[in-house]
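Okay, so here's the structure we're looking at.
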Amino acid sequence: DAGITQSPRHKVTETGTPVTLRCHQTENHRYMYWYRQDPGHGLRLIHYSYGVKDTDKGEVSDGYSVSRSKTEDFLLTLESATSSQTSVYFCAISEGGLYNEQFFGPGTRLTVL
Amino acid sequence: GQNIDQPTEMTATEGAIVQINCTYQTSGFNGLFWYQQHAGEAPTFLSYNVLDGLEEKGRFSSFLSRSKGYSYLLLKELQMKDSASYLCAVRDPLSAGNMLTFGGGTRLMVKP
């Protein structure tokens, strides 16, 4: 299994507070991704990174920012959390390989009250 | 734009065969993936198709027709542990980041 961890695994916060989720990999993969998963919507891409300090927006990037200062860490920040950002957040990585498939972290369940 | 459709739910019986369909309309195509996701867990990679035809992997097979924008995942000899969601995803060849667009997923319930 790819070495991907996410922290925290669970978080409850209040509307208006900043929140940072961390994704850490030990695979030295180039690409990293943040998704959110909600009932009825499947997995939707928030932001992705194709190298250190190289990031771009995905389908649902409003209200989120990211940073990647080193290969192994990809941070997702909610500057001012809203109830609509209550979701399960998955990090994924990919690099080469036979199919260049994405490997997913265990997820973070975020509740915004 | 990207549009990927899958049935929301399916039910099948242990020991039977089930086919989960996925249709896509995307601005580009560079491969189709199937992932399995058990409740409360992360998605895990099942199969990949980039050329037309059938790819077989044990009890699981995946088929692709690029001209029809269609794929299916075939699960044989169903087991209770196959109860999960199955996610279809298409890779965008134009993105700098090896991006995938996912369908909403098909929740499969296997009954005794």
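Just so you know, these numbers use all the heavy atoms, side chains as well, and skip hydrogens, waters and symmetry mates. Predicted model only: the values in this text are computed from it and were never measured. Quick note on labels: first sequence line is chain A, next is B, and so on, each numbered from 1.
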A quick test of your reading: do over 12 heavy atoms of other residues, nucleotides or ligands sit less than 6.0 Å from [atom1] of [X]?
X: B/Lys68; atom1: NZ; value: no
X: A/Glu14; atom1: CD; value: no
X: B/Glu41; atom1: CD; value: yes
X: A/Arg44; atom1: CZ; value: yes
X: B/Arg66; atom1: CZ; value: yes

Among all residues two or more places apart in sequence or in another chain, which pass the side-chain contact (heavy atoms from CB on, under 4.5 Å) test with B/Thr11?
B/Met109, B/Lys111

Heavy-atom pairs under 4.5 Å with chain B - which of A/Gln37, A/Met32, A/Gln102 has more of them than the others?
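Most pairs with chain B among the choices: A/Gln102.
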
With a 4.5 angstrom heavy-atom cut-off, could you sort out which part of A/Glu59 is near chain B: side chain, backbone, both or neither?
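Contact with chain B involves no heavy atom of A/Glu59 at all.
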
Which region of A/Leu43, side chain (C-beta onward) or backbone (N, CA, C, O), has a non-hydrogen atom less than 4.5 Å from a non-hydrogen atom of chain B, or is it both or neither?
both

When hydrophobic residues are tied together by side-chain contacts of less than 4.5 Å, even through go-betweens, does [X] share a cluster with [Y]?
X: A/Leu75; Y: A/Ile46; result: no
X: B/Ile4; Y: A/Tyr35; result: no
X: B/Tyr24; Y: B/Leu73; result: yes
X: A/Val52; Y: A/Leu76; result: no
X: A/Leu110; Y: A/Trp34; result: yes

Could you pull out the closest heavy-atom pair between B/Ala42 and A/Gly105, with the gap in Å?
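Shortest heavy-atom contact: CB-O, 3.0 Å.
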
Do the rings of A/Tyr99 and B/Tyr48 sit parallel, tilted or perpendicular, given the 30° and 60° boundaries?
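Rings of A/Tyr99 and B/Tyr48: tilted, as their planes differ by 30° to 60°.
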
Is there any residue in residues 30-39 of chain B with a non-hydrogen atom under 4.5 Å from a non-hydrogen atom of chain A, and which ones are they?
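At a heavy-atom separation under 4.5 Å, chain A is reached by B/Phe33, B/Tyr35, B/Gln37.
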
Mind checking which of residues 78-91 of chain B sit less than 4.5 Å from chain A, heavy atom to heavy atom?
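Residues of residues 78-91 of chain B touching chain A at under 4.5 Å: B/Leu87, B/Arg91.
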
A side-chain contact here means heavy atoms from C-beta on lying under 4.5 Å apart; do B/Leu100 and A/Tyr48 qualify?
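Result no, sub-4.5 Å side-chain heavy-atom pair not found.
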
Who pairs with A/Asp73 by side-chain hydrogen bond (donor to acceptor under 3.5 Å, both in side chains), at least two apart in sequence or on another chain?
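A/Asp73 satisfies side-chain hydrogen bond (donor to acceptor under 3.5 Å, both in side chains) with A/Arg22, A/His24 once adjacent residues are dropped.
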
Pairwise distance CE(B/Met99) to OH(A/Tyr31) - rounded to 0.5 angstrom:
12.0 Å

